[in-house]
K.L.:
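Structure in structure tokens, see below.
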Amino acid sequence: MQDYLSGLNEQQREAVLHVNGPLMIVAGAGSGKTKVLTTRIAHLMANGVDAFNILALTFTNKAAAEMKERIQRILNNSEARNLYIGTFHSVFAKILRAEAHRIGYPNNFTIYDTDDSRSVIKAVINELQMDDKHYKPNIVHNRISAAKNALVGPTEYALDYHLQQEDARANRPAIAQIYAAYAHKCFKNGAMDFDDLLLKMFELLSTQPAALAKYQSKFKYIMIDEYQDTNTVQYQITKLLAAMHENICVVGDDAQSIYSFRGATIENILQFQKDYDDVKVVKLEQNYRSTQSILKVANEVINNNKGQIPKELWTDNKPGDKIKVVRTMTDNEEGKFVADSIKEQQLRNHYANKDFAILYRTNAQSRAYEESLRKMGIAYKIYGGVSFYQRKEVKDMIAYLRIIVNQQDEEALKRIINYPVRGIGKTSIEKLIVVANEQNITMFEAVTRAAEFGFKGGTLEALQNFATMIKYFNTLLNDKNAYDVAVQVGKHTNLVKELFGDKTPEGLARYENVQELLNSIKEWTETPDNFEDGEVGNKGLGAFLQNVSLFTDSDKDKENEDVVKLMTIHAAKGLEFGCVFVGGIEETLFPSAMSINTREELEEERRLFYVAITRAKDRLWLTYANARYRFGQLVQNEPSRFLEEMPEEFLDKTYAGGGARNQGMSNMGTAFERMNRGFGGGSSGQTDLRYGVPPAKKPDNARPSYLQPAAISKPAVTAVHMPSENFVASDTSGLEAGMRVEHQKFGFGTVAKVEGSAHNPIANINFDNNGEKKIMLNYAKLRIL
DNA sequence: ACATTGAGGATTTTT
DNA sequence: TCCTCAATGT
């Protein structure tokens, strides 16, 4: 075992060594939080605590896997695999898989993801004869989800005066009714949605004393990461679980709370000290990640929020470059600037692709970056967006697996009963649903007893064949693992064959996706699990499905792929990158137009901005566009108010694209004008004139100037030049052929020509003593004589 | 029963 | 702009 304490600073060590009693760790961005958590768990285990008695709740599965691995490395054994470590959702799903029968659910319950939930809600709305144009499923779902996260059940919802007023005011008075019907339908389907995983866990603990006692005594030590992002249910559950031993350690940073839309309440972390007696508080304030400039800017920004837990992040790291604040004309030029800058940084500072991240507020912004990166031939990967498991073909396959395991699952049944096409049309399906409701049986039972309900001829035959097939698959569950069953399903249903037959590029991709799903099932089947309490490494289909609904794309991320990463700021939480670009720092986008109505909303946007800034280790770019396409239309945006909250002395403000060069202050208009339109000018017609020159379009296949050999190979300096005493770098935006200039190293010379892209101009200069050189104007210091 | 076409709506963030 | 849903035709 390593000497795991030696690499810790004083506060970190304090947090690791305080193992008994409640502990709150306030961990600033980049302060070594994960290190403390993993070391603390390792320390517990090294001192005889059984891994089975430790519960660690993280924000993502990836974080959990990483922690497990680090603990394993510290302890140098495989005990860590016995830890209960994972997201709230996955840990509770696992527990519920053993306990669900206690609260009336089948243990092999299905987990509905967001799409499934919406689809069920839509069906419920239609069955209630309501209009799904007015009761939009996602609005209704958000409302129900918020209620569940606040521990408000359908009955309480219907009786709550304020909620009813709100719904009435929004002209959606029937939400309570839909909520009740939805909850009932999920129950009937033997299914839980994401929120139910928390809600039903709470129900289990609060209504089943035996279950409560079991898990209270089991989890002697509890750790919760990202505590600032927990919601009411999560809070109540952990309170119940920790009540017996009170060895609860929460880690969080109120400045990074960015999930209130999911019901998270910052109160949980602010209140922690009042919830338990003798809470030990440790603050981790030394940042090991970012340069001083980045940290200064971040601190300054977050100080605009009220009611923070007082703390001051500091660092021993080098000062670092100023933060580049770059304005472009359009979102496309923003994308181009970012791609150009990445290439440039790679050549100048030898960064690899994986050192870069492009972060944005909304997923829709990714397209412009994608296009530019593709044009430049830079490898990239987008995180988030439509996940692998949300693709139609993947969901179809999984729907088969779901109905095989749980025949109550009507949602899965509806999805595949006629896919691939087997002659069971819309009319028949509707009839089945009506029959099922009338007879109070499941839809699948209606299928198996189709003859009793007046189905005839081809339709009856199709239904019977379908039922026989599903029942056959079901018999396989007893002695076959998940992979073998899945392969059988692929064969017998013609699902794989059908996709294979489609030779269009999209069809090919779909086929590959299904193959990839099969591969991942195989991989899962072959990976050993933790063996515990009779739950002996179950590799059946049921166990697989429990896992799959909670997978996200970032979980299967190959850490070492050398690609530029694109993701939303939310998805970037907890990650760090050498170079970070944050795009779209504009009013209505960031802060989002939806979040400027209350102080709380605005402060959350600011925290989000803070999270974005603090992802960067070395270099940070903040970009914004004058105008961007939205629904196919070009709309103007003001620069974000957040830009004005940053201290000028750490900023390097430039323009890019649109034919404009780096502009000195002299061209920026009067102080009054600047103050009244924010930095860089807003949308006034006058400003636009300055950019009226069409950008010098070069053909797409043109080699970027900095790829030309002369720009890469380092020219040998033949004659050293001592700069003149009055050497001051000039604004080179107006540099033209024929001008006389002085360079710090190469001395005096004459400009032969100016070339290169608009925001990365390169001058060819004939130096008197050093011959012709290509000089990048954005970086070289030149004095115009 | 199924494919094609056209209109209309969508963008906040996620387990 | 692009995607989804509903109506229409075969």
Side-chain angles (χ1 to χ4, degrees), chain A residues 57-64 86-93 111-119 122 126 132-133 136-139 141-142 145 148-149 192-199 201 226 229-231 233-234 257-264 331-332 359-368 371 383-387 389-390 392 418-429 458-459 462 547-555 567-574 584 588-596 601 604-605 607-609 611-612 628-635:
Chain A
L57 297 168
T58 63
F59 200 68
T60 63
N61 291 309
K62 195 180 153 200
T87 61
F88 278 89
H89 295 264
S90 61
V91 169
F92 296 166
I111 298 174
Y112 283 161
D113 67 18
T114 308
D115 288 343
D116 298 323
S117 300
R118 295 215 174 126
S119 160
K122 193 176 174 192
N126 291 330
D132 63 30
K133 287 271 155 52
K136 289 185 188 149
N138 58 347
I139 291 180
H141 180 234
N142 286 342
S145 176
K148 286 185 174 180
N149 284 316
M192 297 192 195
D193 66 15
F194 281 156
D195 304 314
D196 285 334
L197 292 176
L198 309 176
L199 193 64
M201 181 70 190
E226 309 281 12
D229 285 323
T230 52
N231 59 33
V233 211
Q234 292 169 324
S257 166
I258 56 174
Y259 279 95
S260 72
F261 67 91
R262 211 166 83 189
D331 48 353
N332 289 328
L359 309 181
Y360 35 78
R361 178 69 242 264
T362 65
N363 280 307
Q365 287 166 255
S366 66
R367 186 181 305 154
E371 262 168 37
Y383 291 78
V386 181
S387 117
Y389 296 100
Q390 285 176 338
K392 185 188 175 302
N418 198 34
Y419 178 81
V421 181
R422 53 173 68 87
I424 304 172
K426 209 171 157 188
T427 337
S428 312
I429 294 173
T459 310
N547 279 280
V548 81
S549 357
L550 299 168
F551 278 166
T552 60
D553 276 2
S554 62
D555 296 331
M567 63 186 91
T568 62
I569 299 164
H570 282 89
K573 195 167 87 150
T588 75
L589 192 60
F590 197 8
S592 156
M594 333 279 282
S595 308
I596 49 173
E601 286 173 345
E604 175 144 328
E605 293 286 304
R607 290 193 293 269
L608 193 57
F609 188 50
V611 168
R628 68 176 59 237
Y629 281 93
R630 215 175 186 205
F631 304 141
Q633 238 163 11
L634 200 62
V635 294

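Here is the naming used below: chain letters follow the sequence lines, and residue numbers restart at 1 for every chain.
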K.L.:
Quick one: A:K122 NZ to C:dT4 P, roughly how many Å, whole number?
P.N.:
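Checked: the NZ to P distance equals 12 Å.
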K.L.:
Could you tell me the separation between the OH atom of A:Y389 and the C1' atom of B:dT15, rounded to a whole number of Å?
P.N.:
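Taking OH of A:Y389 and C1' of B:dT15, I get 15 Å after rounding.
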K.L.:
Output the rounded distance in Å from CD (A:Q365) to C1' (C:dC2).
P.N.:
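It works out to 17 Å between those atoms.
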K.L.:
Sequence neighbours excluded, which residues qualify as salt bridge (charged side-chain N to carboxylate O under 4.0 Å, His left out) partners of A:D196?
P.N.:
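For A:D196 the salt bridge (charged side-chain N to carboxylate O under 4.0 Å, His left out) partners, ignoring immediate neighbours, are A:K148.
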K.L.:
Find the distance A:R118:CZ to C:dT4:P and express it as a whole number of Å.
P.N.:
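A:R118 atom CZ is separated from C:dT4 atom P by 13 Å.
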K.L.:
How many Å lie between CG on A:N149 and C1' on B:dT14, as a whole number?
P.N.:
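It is 11 Å, rounded to the nearest whole Å.
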K.L.:
Identify, with sequence neighbours excluded, every residue that meets salt bridge (charged side-chain N to carboxylate O under 4.0 Å, His left out) alongside A:R607.
P.N.:
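Testing A:R607 for salt bridge (charged side-chain N to carboxylate O under 4.0 Å, His left out), a comparison that skips the adjacent residues, returns A:E604.
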K.L.:
Would you mind classifying the nucleic acid contact of A:T114 as base, sugar-phosphate or nothing, using non-hydrogen atoms under 4.0 angstrom?
P.N.:
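Result for A:T114 = base.
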K.L.:
According to side chain to side chain donor-acceptor pair (under 3.5 Å), who are the partners of A:S549, at least two apart in sequence or on a separate chain?
P.N.:
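Once residues adjacent in sequence are excluded, A:S549 has no partner under the side chain to side chain donor-acceptor pair (under 3.5 Å) criterion.
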K.L.:
So A:D113, base contact, sugar-phosphate only, or nothing? Heavy-atom distance under 4.0 Å.
P.N.:
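Answer is nothing: A:D113 stays at 4.0 Å or more from every strand.
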K.L.:
Indicate the ring-plane relationship of A:Y259 and A:F261, choosing parallel, tilted or perpendicular according to the 30° and 60° boundaries.
P.N.:
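Rings of A:Y259 and A:F261: tilted, 30 to 60°.
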K.L.:
Apply salt bridge (charged side-chain N to carboxylate O under 4.0 Å, His left out) to A:K136 and list each qualifying residue two or more places apart in sequence or on a separate chain.
P.N.:
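Applying salt bridge (charged side-chain N to carboxylate O under 4.0 Å, His left out) to A:K136 gives none.
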K.L.:
A:L198 or A:S428: which one's nearest nucleotide on DNA chain B is closer to the 5' end?
P.N.:
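In this pair, the answer is A:S428.
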K.L.:
Between B:dT13 and C:dT4, how far is it from one P atom to the other, in whole Å?
P.N.:
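Pairwise P distance, B:dT13 against C:dT4, rounds to 15 Å.
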K.L.:
Taking only residues two or more places apart in sequence or in another chain, which ones pass side chain to side chain donor-acceptor pair (under 3.5 Å) with A:D113?
P.N.:
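Only A:K395 meet the side chain to side chain donor-acceptor pair (under 3.5 Å) criterion with A:D113.
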K.L.:
Figure out the CZ/P separation between A:F88 and B:dT14, and round it to whole Å.
P.N.:
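From A:F88 CZ to B:dT14 P: 19 Å.
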K.L.:
Please give me the minimum heavy-atom distance between A:L197 and A:H89, naming the atom from each residue.
P.N.:
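That closest heavy-atom pairing would be CD1-O, 4.0 Å.
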K.L.:
Using a cut-off of 4.0 Å between protein heavy atoms and nucleotide atoms, how would you tag nucleotides 6-13 of chain B 5' to 3' with B, S and -?
P.N.:
----BBBB
K.L.:
If I take atom NZ in residue A:K392 and atom P in nucleotide C:dT4, what distance separates them, rounded to the nearest angstrom?
P.N.:
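My rounded result for the distance is 11 Å.
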K.L.:
A:Q633 CD to C:dT1 P: how many Å, rounded?
P.N.:
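That distance rounds to 10 Å.
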